[in-house]
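Residue numbers begin at 1 in each chain, while the letters A, B, ... track the order of the sequences. Quick caveat: nothing in here was measured; it's all calculated off a predicted structure.
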2 protein chains.
Amino acid sequence: MSTVQDSDMQNQSTATSLDAANIPLTERLFDALQRAIVEGEIPQGSKISEPELARQHGVSRGSLREAMARLEARKLVERKPNLGARVVTLSYEQLIEIFQLREALEGMAARLAAQNMTEIEIEELQKLLDQHGEQIAEQQGQAYFQKQGDLDFHYRIVQGSKNKQLIELLCNDLYHLLRMYRYQFGMRSKRSQQAYEEHQYLINAISARDPEMAELLMRQHIRSSRRNVEAVFLEKL
Amino acid sequence: MSTVQDSDMQNQSTATSLDAANIPLTERLFDALQRAIVEGEIPQGSKISEPELARQHGVSRGSLREAMARLEARKLVERKPNLGARVVTLSYEQLIEIFQLREALEGMAARLAAQNMTEIEIEELQKLLDQHGEQIAEQQGQAYFQKQGDLDFHYRIVQGSKNKQLIELLCNDLYHLLRMYRYQFGMRSKRSQQAYEEHQYLINAISARDPEMAELLMRQHIRSSRRNVEAVFLEKL
DNA sequence: ATTCGCTAAAGTGTCGACACTTTGAGAAAT
DNA sequence: ATTTCTCAAAGTGTCGACACTTTAGCGAAT
């Protein structure tokens with residue numbers, strides 16, 4: 001019985017879609033916020049009010065705070081004691097620094113991938129690249145798909161390194177920042193054809209089980225990608 | 001008046017020394033826990049009970065939880081929903097993976113240091129190394145100081161790269177894990193003399209502003225350090 | 001009109017409480 | 001004696017409340 005409404009239950013997802021399975025609220029919140037920040041839904045540099053954001057997502061401040069602590073550790077927000085949190089502000093200098101990190105880390109990833117990827121994984125990587133080739137031939141201009149494809153490619157090589165630390169670091173930490181730059185600066189490539197060729201050389205080196213060459217090619221690939229970004233930025237200013 | 005004890009104030013630091021200035025409780029707690037975990041005071045693999053740990057440190061569970069979220073992001077504890085948190089368990093495999101990361105990252109750091117360190121910083125680095133040389137000549141066996149010195153040396157080169165991302169990543173994340181291995185496995189060096197010489201070559205390359213050579217030497221240095229660790233482990237088993 | 005100080009609103013830091021989940025010890029059944 | 005079921009104890013997930021800090025708007029003094 002008791003037709004009275006039990007009104008104070010806690011599953012009314014006020015604004016954002018946060019209803020989900022059994023996984024902790026904090027974690028869903030963390031994912032939602034990360035996405036919102038990366039995609040610019042919450043603009044870079046903007047101040048975050050805990051009470052307001054908590055209300056928008058229909059959670060308590062405690063849960064939100066825990067998610068914020070993790071976002072801070074991923075360098076997506078900055079917090080100062082008693083002053084509150086802000087979304088990070090992207091800068092050209094930081095982007096260059098990230099490219100230097102990637103050159104080191106993904107270079108090592110390629111080296112290890114040449115040693116540790118299975119033949120099957122290499123085949124699938126080749127198939128993926130073939131698809132990219134077709135897409136480029138068909139319609140050149142779909143910058144979004146190209147960028148997405150580029151990320152997929154790099155992602156798989158990192159996985160292929162079989163180094164858990166490296167995988168975590170790149171895929172769970174750094175790539176989110178990188179995606180944030182792509183979303184917010186709309187970095188277009190202009191060099192999908194060249195990138196495609198560089199990817200093919202890289203697969204060849206991995207397939208030949210030549211770690212030294214794989215690392216060299218990956219580093220060159222990332223350096224030339226960086227030079228492209230530099231050029232785009234310079235013409236913007 | 002009022003000789004009654006006001007017993008429920010919140011500055012009784014029950015067990016650990018946590019009294020400090022104005023910086024947030026959560027942060028001091030985070031530092032204290034990180035130190036305790038790195039130094040093995042809380043043993044690796046042990047389960048952490050939030051209520052108990054909070055009581056020991058005289059803080060509420062909320063504050064502790066926030067600190068735990070940050071510790072998890074630094075890979076010092078692992079948490080599973082509804083099951084609680086455990087201190088990470090160190091493994092030989094993971095240590096090798098960390099050395100691979102270091103080879104890539106510190107190699108890049110050395111390359112950038114050769115470009116970006118000031119002459120004064122290079123001079124001070126040389127002085128530091130000279131001190132190490134004296135210490136080795138005087139009393140060989142102070143493994144602790146040697147290891148500490150080794151860490152100092154690497155630390156300064158990373159700083160010299162002037163790449164903030166790289167500095168954060170190595171000094172704030174990875175080195176804590178590395179220190180944890182040193183504390184808990186008591187990795188002794190046996191090769192302080194050789195390390196000293198390798199460090200000197202590295203300074204020479206940086207001083208000559210030769211990025212390529214600096215990276216090469218750093219990578220060799222870390223590889224040979226890794227081989228030493230491998231040897232120590234193999235004789236343990 | 002401008003500057004300075006004061007007060008109220010908003011925001012952050014921290015806590016204790018309650019509901020639901022997991023764990024583990026003891027009772028009941030085989 | 002062994003296995004299974006049950007239920008209480010412990011632990012985690014989440015919330016709302018309160019104290020202290022910062023911010024911002026308003027009025028007083030120059």
Side-chain angles (χ1 to χ4, degrees), chain A residues 2 4-33 42 45-73 77-87, chain B residues 6-16 18-33 42 45-73 77-87:
Chain A
S2 129
V4 278
Q5 90 249 40
D6 38 355
S7 57
D8 64 341
M9 88 278 251
Q10 71 247 40
N11 37 359
Q12 86 271 25
S13 65
T14 309
T16 324
S17 71
L18 268 190
D19 25 66
N22 212 346
I23 51 184
L25 191 47
T26 295
E27 199 160 317
R28 301 194 307 251
L29 189 58
F30 172 76
D31 290 340
L33 289 178
I42 307 176
S46 66
K47 186 167 184 313
I48 291 179
S49 160
E50 289 181 6
E52 182 180 337
L53 197 58
R55 189 181 42 72
Q56 283 177 352
H57 288 265
V59 303
S60 84
R61 270 184 62 225
S63 300
L64 179 114
R65 239 146 173 291
E66 218 174 303
M68 296 284 289
R70 292 175 58 187
L71 288 171
E72 184 184 20
V77 308
E78 287 170 351
R79 273 161 120 195
K80 291 179 185 174
N82 286 320
L83 293 184
R86 315 189 80 89
V87 178
Chain B
D6 37 355
S7 58
D8 66 340
M9 89 275 254
Q10 71 246 43
N11 36 359
Q12 86 273 24
S13 64
T14 310
T16 325
L18 267 189
D19 26 64
N22 212 346
I23 50 183
L25 190 48
T26 296
E27 200 160 316
R28 300 195 306 249
L29 189 57
F30 172 76
D31 290 341
L33 288 178
I42 307 175
S46 66
K47 186 168 184 314
I48 291 179
S49 160
E50 290 180 5
E52 182 180 336
L53 197 58
R55 190 179 41 72
Q56 283 177 353
H57 288 264
V59 302
S60 85
R61 270 185 62 224
S63 300
L64 179 113
R65 237 144 173 292
E66 218 173 303
M68 296 284 290
R70 292 174 59 188
L71 288 171
E72 184 184 21
V77 307
E78 286 170 351
R79 272 160 123 195
K80 291 181 185 173
N82 286 319
L83 293 184
R86 316 189 79 90
V87 178

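Between the CD atom of B:Gln56 and the P atom of D:dG11 there is a distance of 12 Å, rounded to whole Å. Regarding B:Arg86, its CZ atom lies at a distance of 13 Å from the C1' atom of C:dT23, rounded to whole Å. The separation between A:Arg61 atom CZ and D:dA19 atom P is 15 Å, rounded to whole Å. Between B:Ile23 atom CD1 and D:dT21 atom C1' there is a gap of 16 Å when expressed in whole angstrom units. Summarising the geometry, the separation between CD on A:Glu50 and P on D:dC15 is reported as 14 Å, rounded to the nearest angstrom. Here C:dC15 presents its P atom at 13 Å from NE2 of B:His57, a figure rounded to the nearest Å. D:dG11 atom C1' lies 14 Å from atom CZ of B:Arg55, rounded to whole Å. Atom P of nucleotide D:dT12 and atom CE of B:Met68 are separated by 8 Å, given to the nearest angstrom.
Taking CG from A:Leu29 and CE from A:Met68, the interatomic distance works out to 9.5 Å, rounded to the nearest 0.5 Å. From B:Lys47, atom NZ reaches atom CG of B:Leu83 across 8.0 Å, with rounding to the nearest 0.5 Å.
B:Pro24 comes within 4.0 angstrom of the backbone, heavy atoms only, and of no base. Among the heavy atoms of the strands, none lies under 4.0 Å from A:Lys80. A:Gly62 comes within contact range of no nucleotide atom at all, as no heavy-atom separation falls under 4.0 Å. The residue B:Leu64 sits apart from the nucleic acid: no heavy atom pair falls under 4.0 Å.
Contact annotation: the side chain of A:Val77 never approaches that of A:Leu33 to less than 4.5 Å [non-hydrogen atoms, C-beta and beyond].
Comparing B:Glu52 and A:Glu27 against DNA chain D, the residue whose closest nucleotide sits nearer the 5' end is B:Glu52.
For B:Asn82, counting side-chain heavy atoms from C-beta on, the closest listed nucleotide (D:dC15, D:dT12, C:dT12) is D:dT12. For B:Ser60, the side-chain atoms get nearest to C:dT14 when compared with the rest of C:dT14, D:dT12, C:dT12. Closest contact between the side chain of A:Leu83 and the listed nucleotides D:dT22, C:dC15, D:dC15 involves D:dT22. The side chain of B:Leu25 has C:dC15 as its nearest neighbour among C:dC15, D:dT12, C:dG11.
Side chain of B:Arg86 to main chain of B:Gly45: a donor-acceptor pair is present (N/O by atom type, distance under 3.5 Å, no hydrogens or angles). Looking at A:Arg28, its side chain does come within 3.5 Å of a backbone N or O of A:Ile23 through a donor-acceptor pair.
Put simply, A:Lys47 has a side-chain N or O that comes within less than 4.0 Å of OP1 or OP2 on C:dT12. Using a 4.0 Å cut-off, no side-chain N or O of B:Ser49 falls inside it from OP1 or OP2 of D:dA10.
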